[in-house]
Amino acid sequence: MNEIILSKRKNGMLVMLLTAALYIASLVGVVFGGMMMDAGRSPVLFVVCIIWVFIGWIPFLGLKVIGPQEALVLTLFGKYVGTLKESGFYYVNPFCVAVNPAAKTKLSQSGDVKSGPKLEVSASAQTSVELVNKKVSLKVMTLNNSRQKINDCLGNPVEIGIAVIWRVVDTAKAVFDVDNYKEYLSLQCDSALRNIVRLYPYDVAPNVDTTGDGVADEGSLRGSSEIVAERIRQEIQSKVESAGLEIIEARITYLAYAPEIAAVMLQRQQASAIIDARKMIVDGAVGMVEMALERLNQNETVHLDEERKAAMVSNLLVVLCGNHDAQPIVNTGSLY
């Protein structure tokens with residue numbers, strides 16, 4: 001359905017003043033008409049003014065006030081007639097009805113989304129009356145869906161949450177092409193998040209293709225969050241295009257292993273970090289030993305045979321690679 005924008009009906013103030021003046025004139029006409037009827041004159045003025053008193057409030061129903069970044073989708077006897085999008089004071093057909101199926105829907109969104117003021121009336125039946133605002137917000141809004149537990153490409157369960165920044169760009173599609181555009185967006189966000197996350201490992205893993213080009217890469221949820229978020233945004237946009245919504249941005253707000261494997265994965269990360277640190281220490285120690293032997297040979301400070309070199313290398317590696325400070329031992333004897 002194509003959106004029809006009604007922009008040439010900003011005559012609400014004129015119609016309101018004219019209708020109010022006619023209403024006041026009808027009240028005065030009722031008084032004078034009654035006096036004329038008492039005087040034996042025609043009751044036409046009295047009848048006309050009485051009729052206007054009873055139906056003169058109907059034109060007031062066509063007065064519509066639209067604020068900045070608001071829209072009102074109007075139908076007349078079930079037919080879509082247009083949308084008021086520009087801020088102003090409008091007058092439309094009094095029998096037009098505003099339509100917004102998502103007016104009462106509340107999601108985990110920013111404060112810009114409201115379901116309208118509520119008025120509770122205490123009565124014997126204890127019924128409550130809801131005054132629902134049928135206007136469609138055109139503001140940029142943030143949807144923060146609940147965290148989901150999803151298996152990554154390696155089968156590890158992870159918990160992830162996203163924040164989606166969106167807005168309505170086509171009110172006709174949002175109102176008429178889907179049942180409830182807010183719930184539709186929330187469902188598509190969950191689906192797109194699951195489709196993209198299952199393509200990536202939590203951390204960098206070997207022989208994993210995350211781009212679909214058949215070549216292994218280093219993509220991961222933790223290290224490629226910007227790329228993952230952009231792919232999620234594109235996935236959501238492709239799904240909500242038919243609902244007249246624009247996805248401006250998507251951001252990962254929470255990412256962690258699921259509680260049942262979090263402790264094991266933490267131990268794995270610690271072990272990997274220890275191995276990397278040890279490797280760096282050993283590489284540095286071997287380089288320092290080589291440099292020491294080379295300097296001793298260049299300066300001819302001391303002449304060492306192979307056995308003494310082996311003992312020196314062993315002692316240096318113990319000192320450089322040990323976890324604790326070395327305890328020196330003075331050798332007063334000889335190796336032979």
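Every heavy atom of this structure was used, including side-chain atoms; hydrogens, water molecules and symmetry mates were not.
Counting only N and O atoms by type, the side chains of Ser220 and Asp203 include no donor and acceptor under 3.5 Å apart. For the residue pair Asp177 / Ser242, no side-chain donor-acceptor distance below 3.5 Å is found, with atom types taken as modelled. No side-chain donor from either of Asn151 and Asn156 sits under 3.5 Å from a side-chain acceptor of the other. For the 3.5 Å distance criterion, the side chains of Asp209 and Thr211 qualify, holding a donor opposite an acceptor.
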Exercise for the section: Please report the C-alpha distance between Arg231 and Tyr200 in whole Å, then the side-chain angles of each, then the deciding distance to 0.1 Å, and finally whether the side chain to side chain donor-acceptor pair (under 3.5 Å) criterion is met. Expected result: CA-CA 11 Å; Arg231 291 188 67 176; Tyr200 287 84; 3.0 Å; yes
Handout entry: Intermediate values then yes/no, side-chain contact (heavy atoms from CB on, under 4.5 Å), Cys49 and Leu27
Key = CA-CA 7 Å; Cys49 292; Leu27 293 176; over 6 Å; no
Practice task
Could you walk me through whether Met16 and Phe89 pass the side-chain contact (heavy atoms from CB on, under 4.5 Å) test, one step at a time?
Solution key: CA-CA 10 Å; Met16 184 184 69; Phe89 193 13; 4.1 Å; yes
Exercise for the section: Apply the test side-chain contact (heavy atoms from CB on, under 4.5 Å) to residues Leu84 and Lys64: give CA-CA distance (whole Å), side-chain angles for both, the deciding distance (0.1 Å), then the verdict. Expected result: CA-CA 9 Å; Leu84 303 177; Lys64 307 294 182 182; 4.0 Å; yes
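The environment of CD in Gln234 is crowded: more than 12 heavy-atom neighbours from other residues, nucleotides or ligands sit within 6.0 Å. With a 6.0 Å radius and a threshold of 12 heavy atoms from other residues, nucleotides or ligands, Asp213 has its CG atom above the threshold. The environment of Phe95 atom CZ is sparse: at most 12 non-hydrogen atoms of other residues, nucleotides or ligands sit within 6.0 angstrom. By the 6.0 Å contact criterion, CG on Asp283 is enclosed, its count of non-hydrogen atoms from other residues, nucleotides or ligands being greater than 12. Within a 6.0 Å sphere centred on NZ of Lys239, heavy atoms belonging to other residues, nucleotides or ligands number 12 at most. Counted within 6.0 Å of CD1 on Ile227, heavy atoms from surrounding residues, nucleotides or ligands total 12 or fewer; the atom is thus considered open.
Of the possible donor and acceptor atoms, none in the side chain of Ser224 sits under 3.5 Å from a partner among the backbone N and O of Leu221. With Glu235 contributing its side chain and Ser191 its backbone, the two residues share no donor-acceptor pair below 3.5 Å. Between the side chain of Ser26 and the backbone N or O of Tyr23 there is at least one donor-acceptor pair closer than 3.5 Å. Listed for the Thr171 side chain is no donor-acceptor partner under 3.5 Å among the backbone atoms of Val73.
Minimum interatomic distance between Cys153 and Pro201 (heavy atoms only, all atoms of both residues): SG-N, 3.3 Å.
For Arg233 and Glu246, the salt-bridge test fails: no basic side-chain N is under 4.0 Å from an acidic carboxylate O. For Lys134 and Glu70, the salt-bridge test fails: no basic side-chain N is under 4.0 Å from an acidic carboxylate O.
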